[in-house]
S.K.: 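This is the structure I have questions about; it appears just below.
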Amino acid sequence: MTEDGHREEVDVGMEAACRDIEALGVRDYPEVFTGCLLHGDELHVYRTATGSTGLEDTIAQCFPHLRVRYVASQRSWSQLDAVLQEVLSEATQWQDAGIRIATVGHDITSGVITVSTPDVDRARRLLTERYGNAIRVESLMARPLPARPRHLREPPPAGS
């Protein structure tokens, strides 16, 4: 998955490395690591701290063949997950307040938790009041649809 939410043809090994880095970061560096995304032929590793945290050294030792770019993030995985768990644990309370939460997830590129709901205006006001800038409320229809695979976008060659 690319940063803009679209699928692209990628090296399966790169996708596996991204998953492995994510598992490593969440397990061993949850206060620094935010997430990992494949971007072209390099991996973008989102993390909160700059300087020596051990994360960069560990990734370089475990994955010496990869092109890795480190990107600053507002919040770590553990910070985002704490907010996400809080939102989920309070979902019934929000439903009683007239806010139907459809999805909740991490947006590692922005360092926030996203909440999708059909009750955007009310939710934006109340959820932001409760969770501050750690949350972004979106309309259920706000997310772009993923790009169609090339073979579905382009007509078949003539004569096929």
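Please read all numbers here as calculations on a predicted model, not as lab measurements.
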S.K.: Using the test side-chain hydrogen bond (donor to acceptor under 3.5 Å, both in side chains), find all partners of Asp121 that sit at least two apart in sequence or belong to another chain.
M.R.: none
S.K.: Rounded at 0.5 Å granularity, tell me how far CG in Asp28 sits from CG in Leu55.
M.R.: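 Output value for this atom pair is 9.5 Å.
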S.K.: Where is the tightest heavy-atom contact between Cys18 and Leu38, given as atom of each residue plus distance?
M.R.: SG-N, 4.1 Å
S.K.: For residues 65-104, pull every pair meeting ring-ring contact (aromatic ring centres under 6.0 Å, His included), keeping only residues two or more places apart or in separate chains.
M.R.: Trp77-His106
S.K.: Does Asp107 have any side chain to side chain contact (heavy atoms under 4.5 Å, CB included) partners at least two apart in sequence or in another chain, and if so, which?
M.R.: Thr109, Ser110, Val112, Thr114, Arg136
S.K.: From the options Thr117, Val115, Ile113, Val87, select the one residue that forms a side chain to side chain contact (heavy atoms under 4.5 Å, CB included) with Leu127.
M.R.: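 Only one option passes, and that is Val115.
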S.K.: In Å, rounded to the nearest 0.5 Å, how long is the span from OH of Tyr29 to CD1 of Ile59?
M.R.: 8.5 Å
S.K.: With rounding to the nearest 0.5 angstrom, report the CZ to NE2 distance, Arg67 to His44.
M.R.: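 Reported to 0.5 Å precision, the distance equals 8.5 Å.
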S.K.: The criterion is side-chain hydrogen bond (donor to acceptor under 3.5 Å, both in side chains); which residues satisfy it with Glu22, sequence neighbours excluded?
M.R.: none
S.K.: Would you compute the distance between atom CG of Leu43 and atom CE of Met14 and round it to the nearest 0.5 angstrom?
M.R.: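 Nearest 0.5 Å value for the CG-CE distance: 4.0 Å.
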S.K.: Considering residues, nucleotides and ligands other than Glu42, do more than 12 of their heavy atoms fall under 6.0 Å from its CD?
M.R.: yes
S.K.: Looking at every heavy atom in both Ser73 and Tyr46, which two are closest together, and how far apart are they?
M.R.: CB-CB, 4.2 Å
S.K.: Please name all residues satisfying salt bridge (charged side-chain N to carboxylate O under 4.0 Å, His left out) with Glu31, sequence neighbours left out, ordered by chain then number.
M.R.: none
S.K.: Does anything in residues 107-140 form a ring-ring contact (aromatic ring centres under 6.0 Å, His included)? List the pairs, not counting sequence neighbours.
M.R.: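 Qualifying pairs, neighbours excluded: none.
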S.K.: Quick check: do Ile21 and Phe63 have side-chain heavy atoms less than 4.5 Å from each other?
M.R.: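 Sidechains of Phe63 and Ile21: in contact.
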S.K.: In chain order, what residues pass the side chain to side chain contact (heavy atoms under 4.5 Å, CB included) check against Gln85, with sequence neighbours excluded?
M.R.: Asp81, Leu88
S.K.: Go through the structure and list residues passing side chain to side chain contact (heavy atoms under 4.5 Å, CB included) with Arg100, not counting sequence neighbours.
M.R.: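 Listed in chain order: Pro118, Asp119.
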S.K.: Looking at every heavy atom in both Ala134 and Val83, which two are closest together, and how far apart are they?
M.R.: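 Here Ala134 and Val83 meet closest at CB-CG2, 4.0 Å.
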S.K.: Taking side-chain hydrogen bond (donor to acceptor under 3.5 Å, both in side chains) as the definition, give me every residue that meets it alongside Arg75, ordered by chain and number, with sequence neighbours left out.
M.R.: Asn133
S.K.: Who pairs with Gln74 by side-chain hydrogen bond (donor to acceptor under 3.5 Å, both in side chains), at least two apart in sequence or on another chain?
M.R.: none
S.K.: Could you give the distance from CD1 (Ile99) to CG (Leu126), rounded to the nearest 0.5 Å?
M.R.: 4.5 Å
S.K.: Search all heavy atoms of Cys36 against all heavy atoms of Val45 and return the closest pair with its distance.
M.R.: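 Shortest heavy-atom separation between Cys36 and Val45 comes out as SG-CG2, 4.2 Å.
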S.K.: Check salt bridge (charged side-chain N to carboxylate O under 4.0 Å, His left out) between Arg122 and all other residues, then give those that pass, not counting sequence neighbours.
M.R.: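 Expected list: none.
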S.K.: Is it the case that the side chain of Gln79 and the backbone of Ser76 share a donor-acceptor pair, with hydrogens and angles ignored and the cut-off at 3.5 Å?
M.R.: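 Judged by distance alone, yes, a pair lies under 3.5 Å.
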